[in-house]
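This report refers to the structure that appears directly beneath it.
Everything numeric in this text was worked out from a predicted model, so none of it was measured. In what follows, every chain begins at residue 1, and chains take the letters A, B, ... in the order their sequences are listed.
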Protein chains: 4
Amino acid sequence: MYFYALMMNGIPVGVIGGSGYTGRELSALLGSHGGVDVRFATSESEAGRPSAARGVTLARAEDVRPEDAEVVFLCVPHGEAVPWMERLRGAGVRVVDLTADHRPGSGREDGVVYGLPELVGERIAGAAAVANPGCYPTGMLLALTPLCRAGLIDTSRPVVVNAASGVTGAGRSPRRELLFGEVFGDYRAYGLGNGHRHLLEVRTTLPGLDVLFVPHLLPVARGILETMAVPVPDGAGAADVREAWAGVHAGGPAVRVLDEGVPSLSDVVSTDVLALGAVDNDGLARPTVTVVAALDNLGKGAAGQAVQNMNLMLGFDAGRGLRC
Amino acid sequence: MYFYALMMNGIPVGVIGGSGYTGRELSALLGSHGGVDVRFATSESEAGRPSAARGVTLARAEDVRPEDAEVVFLCVPHGEAVPWMERLRGAGVRVVDLTADHRPGSGREDGVVYGLPELVGERIAGAAAVANPGCYPTGMLLALTPLCRAGLIDTSRPVVVNAASGVTGAGRSPRRELLFGEVFGDYRAYGLGNGHRHLLEVRTTLPGLDVLFVPHLLPVARGILETMAVPVPDGAGAADVREAWAGVHAGGPAVRVLDEGVPSLSDVVSTDVLALGAVDNDGLARPTVTVVAALDNLGKGAAGQAVQNMNLMLGFDAGRGLRC
Amino acid sequence: MYFYALMMNGIPVGVIGGSGYTGRELSALLGSHGGVDVRFATSESEAGRPSAARGVTLARAEDVRPEDAEVVFLCVPHGEAVPWMERLRGAGVRVVDLTADHRPGSGREDGVVYGLPELVGERIAGAAAVANPGCYPTGMLLALTPLCRAGLIDTSRPVVVNAASGVTGAGRSPRRELLFGEVFGDYRAYGLGNGHRHLLEVRTTLPGLDVLFVPHLLPVARGILETMAVPVPDGAGAADVREAWAGVHAGGPAVRVLDEGVPSLSDVVSTDVLALGAVDNDGLARPTVTVVAALDNLGKGAAGQAVQNMNLMLGFDAGRGLRC
Amino acid sequence: MYFYALMMNGIPVGVIGGSGYTGRELSALLGSHGGVDVRFATSESEAGRPSAARGVTLARAEDVRPEDAEVVFLCVPHGEAVPWMERLRGAGVRVVDLTADHRPGSGREDGVVYGLPELVGERIAGAAAVANPGCYPTGMLLALTPLCRAGLIDTSRPVVVNAASGVTGAGRSPRRELLFGEVFGDYRAYGLGNGHRHLLEVRTTLPGLDVLFVPHLLPVARGILETMAVPVPDGAGAADVREAWAGVHAGGPAVRVLDEGVPSLSDVVSTDVLALGAVDNDGLARPTVTVVAALDNLGKGAAGQAVQNMNLMLGFDAGRGLRC
């Protein structure tokens with residue numbers, strides 16, 4: 001194996017679950033990364049077909065040797081990452097888990113670093129296991145955490161988050177409500193009642209915050225736009241928000257703070273960037289800033305962030321292989 | 001003319017501006033209404049081509065006699081309805097103005113009834129002129145007014161409205177940002193800063209309310225979904241909201257209150273119905289109900305409501321000719 | 001039952017398979033037809049939920065009495081209509097079968113009239129059973145049969161048909177390749193090799209014709225556009241084609257022949273009309289006319305035509321209840 | 001300036017017309033190419049805004065010095081390239097013209113190489129001026145020329161080409177028929193009568209061929225799919241077609257021949273690849289192969305091919321900077 005790695009000139013990595021939307025996006029990024037060598041990408045349903053990593057054929061999980069990889073990515077359905085995590089950590093393989101199984105609030109976060117590079121970058125470098133954040137929480141937390149730290153959120157009032165996601169965010173398993181004939185021309189709220197799984201990550205990470213989160217299904221393939229009504233202290237406004245962001249995000253490869261206005265979905269689709277914008281509002285009794293976060297649910301919201309985490313774990317430049 | 005009207009067995013009406021999205025939708029509804037006779041539909045750019053009202057050819061405004069109609073609909077660009085209103089009222093012709101020119105807050109609302117049939121039905125019957133409400137305000141006001149009347153809104157907190165509209169809401173004039181190549185796969189907030197023209201109607205109609213309104217452009221042709229975070233008094237909830245709606249809207253042809261859950265866009269596209277739903281939220285410091293209003297911007301949000309107003313003005317059943 | 005029918009003032013009909021795209025479209029048309037009374041609409045997966053026929057709740061097939069209906073529509077998956085047909089005909093119930101099971105070439109067409117009203121209208125009136133044509137063949141046969149009859153096709157050369165259909169044409173059962181995430185932004189040929197099931201209907205009906213048929217999956221919900229390269233005899237052209245069409249289709253409610261140019265999909269979506277246009281071509285060694293047929297796969301291509309057939313069977317006006 | 005070029009380590013190039021769809025795509029490719037330095041990208045309507053080439057601001061044409069570039073790309077509207085070509089060639093600047101102004105059949109092709117790298121690669125290397133092919137002809141010519149050369153087309157019968165293009169193919173100037181509200185859910189044939197401008201390129205390049213070409217407007221942003229009914233000699237078939245393609249295209253970076261089946265649009269969108277597939281057909285009097293060519297109209301159909309041409313002109317690897 002040493003000889004092979006030398007030949008390939010890359011650190012061996014692997015993908016468990018390489019045929020879903022996230023697994024394919026990740027495989028493609030890893031395949032063109034340059035610093036790593038994709039040893040395997042698994043799929044039970046599409047074994048034998050080419051993976052999205054150039055030159056790598058999808059194989060059944062039982063036919064690959066995950067222990068040969070230095071880092072393994074878990075792109076399995078939510079709930080199925082737990083046994084993989086145990087097996088791989090037992091074998092000394094480092095793991096980036098893209099499921100919700102080890103995220104904050106899951107009850108399984110012990111010894112697992114929550115992989116938001118912009119907020120805890122230094123901890124990721126040495127992590128044996130990383131829980132890759134959810135797509136919606138990535139936008140909310142990278143927008144709101146710097147504001148919390150700077151005292152720019154009036155916590156006596158709720159933050160109202162209306163979010164919209166493209167359909168790939170719901171996965172690639174056939175379900176009637178995700179058929180083209182159902183989604184085309186439609187737009188709907190879902191996960192109502194403020195109990196969406198993703199909220200747990202946000203609440204656990206920002207415990208003092210009152211958040212109302214309403215996700216919507218958008219008739220596009222990719223992308224998330226989160227529109228947040230952020231209550232700010234008297235006298236504060238969008239300029240302060242941008243300044244707080246700049247303090248945390250300046251210099252990072254994967255977050256872009258707009259000087260004015262707000263980003264749109266097409267600004268970030270098929271990239272690994274999160275774009276942030278803030279605007280003041282007129283005519284309200286108390287000041288509220290409209291914050292918009294835009295990201296690709298498969299990019300910075302999943303595969304791009306996983307690669308960014310891997311870069312930190314393996315000592316590469318944080319932005320290597322990313323579309324930024 | 002008496003003889004002709006007799007033959008056609010319908011009350012003579014006309015459309016100024018019959019080739020835009022709203023003018024066409026309205027012409028089609030009037031053409032199949034059965035109780036009226038479309039005497040003319042005008043268009044400067046498409047004169048000579050068939051209108052959407054069966055059997056009626058588009059004509060230049062200078063070539064028609066608006067005074068021959070009993071009711072004339074104004075589907076001209078915002079700002080151009082003022083001289084038409086003067087001319088027609090001077091001639092004793094009743095007017096339904098679909099522009100913003102005579103709506104609450106415009107400064108020109110004197111002698112003009114704001115045409116929300118569910119809220120002021122009795123006043124419309126005798127009106128000489130009706131200002132047809134905006135598409136966004138229709139959803140907001142029909143959802144929120146019953147709640148205000150019932151004391152179900154905690155006015156110490158703002159109502160946060162995130163709305164999304166299909167592209168026909170922006171009209172049919174060629175603009176780069178409305179090209180298919182720009183909108184396809186995109187989603188964006190616009191009208192930021194809480195100063196959207198439509199807010200004026202809402203604020204004037206519900207003066208005690210603190211509203212933050214953020215509209216978005218949705219990559220579909222038709223339909224509006226408005227997701228509202230409505231602060232309610234302690235102890236109140238979605239069931240109370242539905243009950244308040246039922247008290248106002250039960251029996252009307254054009255508003256449907258869902259027993260549970262919330263409507264989606266496809267429930268109402270190409271209909272003249274406004275659908276309303278309400279859901280309670282967990283995990284918030286103070287109670288907030290998520291209200292969703294869905295309507296077709298060209299249906300109940302424009303042409304459908306205009307026909308509903310006309311029905312009341314002319315003594316027809318309120319729902320005649322509507323897709324309810 | 002006599003008393004009930006009297007009360008409802010309609011002939012009793014029923015739908016087997018009321019929750020697929022075709023079954024819902026058909027139920028909606030029947031529900032607003034006015035001359036019939038929808039006694040039942042079945043669904044195994046959605047029993048208990050409202051059907052698309054106003055006031056009718058979906059029920060399991062075992063819980064309805066098909067024998068109570070005068071006409072029953074079969075909207076089951078292809079292959080499942082055979083036992084239904086036997087049972088219903090045994091009970092003296094007339095049947096409109098929307099599956100492929102009894103169409104020309106199926107081997108089961110004995111005693112079943114192929115329901116193309118424009119071509120065999122008189123035979124449908126007295127039929128005990130009607131095979132409702134496929135969506136693609138409807139366009140091809142209503143365009144080409146009048147030309148064959150008029151000697152306007154040079155049968156020494158093939159007719160090349162490139163067709164594109166919206167996704168509802170593939171049904172509502174969950175399949176990965178029909179997910180929104182797969183179809184959005186895509187366009188593809190399928191059914192390659194000239195062996196598409198629908199060709200059988202065309203070949204059996206027009207045996208002398210050499211047809212190359214290539215269907216494509218279009219990223220829209222509804223509608224079929226068929227672009228046909230029709231070889232015509234020397235000296236013949238588009239004007240002759242239109243004249244031949246006029247001879248067959250003039251006066252019918254569901255076929256519209258354009259005076260010039262060709263129809264687009266949006267001309268016919270959500271209608272029960274087939275639109276036909278023809279254009280001459282320059283620069284070819286031998287004359288070929290481009291014929292375009294546009295129809296809604298759920299309208300004239302399925303449910304609309306089924307209602308048209310029912311109208312003939314029951315003595316209603318052919319166009320009653322249709323969106324023409 | 002010498003020092004600057006040295007610093008940038010790239011050959012100076014420029015783009016006239018950098019804000020249209022093609023100009024932006026091209027600027028982005030050039031900006032990440034690595035071997036060239038984008039000195040300017042012009043736009044009259046968007047001067048002062050960032051171009052798609054990283055670090056380059058759009059400028060008015062009068063404010064740039066085209067003569068400083070070694071290669072200039074013309075992405076102006078059709079008809080406006082002629083004076084630019086004269087001026088630049090007079091100054092000794094090499095030109096890649098992406099308009100139709102100097103393509104075969106234009107009457108201005110003297111001294112201009114028609115830039116189809118796979119067919120005339122060696123001539124491009126030394127060209128002072130290159131006419132970048134049209135998007136539709138690229139697919140037709142790269143598919144059909146190898147077949148003509150191999151005697152695989154029965155020229156006594158026409159080749160019938162049905163093509164569909166995404167909306168960016170029609171440019172970024174505001175026109176009503178390109179509005180989202182018009183195109184969404186629609187699909188239509190255009191350029192009827194077999195007189196499309198692009199045919200001229202094909203006929204001039206393959207004079208012996210009888211081609212019927214019917215383009216359609218597809219409701220997607222990007223991509224072209226061309227479905228061709230190719231008459232082949234008795235005994236020939238899809239396998240021969242693939243073999244003929246392999247002889248010409250094997251080893252090239254930008255054409256991919258499928259071993260079986262045909263490509264779909266999503267296989268090539270946002271790439272610079274043309275994918276080709278061929279399938280035999282049953283049930284026809286004489287053999288006809290269905291050929292499908294798929295490409296991105298902005299990639300291999302415009303900007304990608306322009307970069308490929310530039311690579312040959314400047315001695316780079318043919319595939320450098322391309323998404324293949």
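If you tally non-hydrogen atom pairs under 4.5 Å between each of A:Gly166, A:Ala170, A:Gly181 and chain C, the highest count goes to A:Gly181.
The structure places CZ of C:Phe180 at 8.0 Å from CG of A:Leu217, a figure rounded to the nearest 0.5 Å. Atom OG of residue A:Ser45 and atom CZ of residue C:Arg176 lie 5.0 Å apart, to the nearest 0.5 angstrom.
Of the atoms belonging to C:Val167, it is side-chain heavy atoms, and not backbone ones, that fall under 4.5 Å from chain A. Interface residue A:Glu182: backbone and side-chain heavy atoms are both found under 4.5 Å from chain C. Looking at A:Arg172, the atoms closer than 4.5 Å to chain C (heavy atoms on both sides) sit in the backbone and in the side chain alike.
The two atoms that bring A:Phe184 and C:Val220 nearest to each other are CZ-CA, 3.9 Å, heavy atoms only.
Contact annotation: the side chain of C:Pro174 never approaches that of A:Arg175 to less than 4.5 Å [non-hydrogen atoms, C-beta and beyond].
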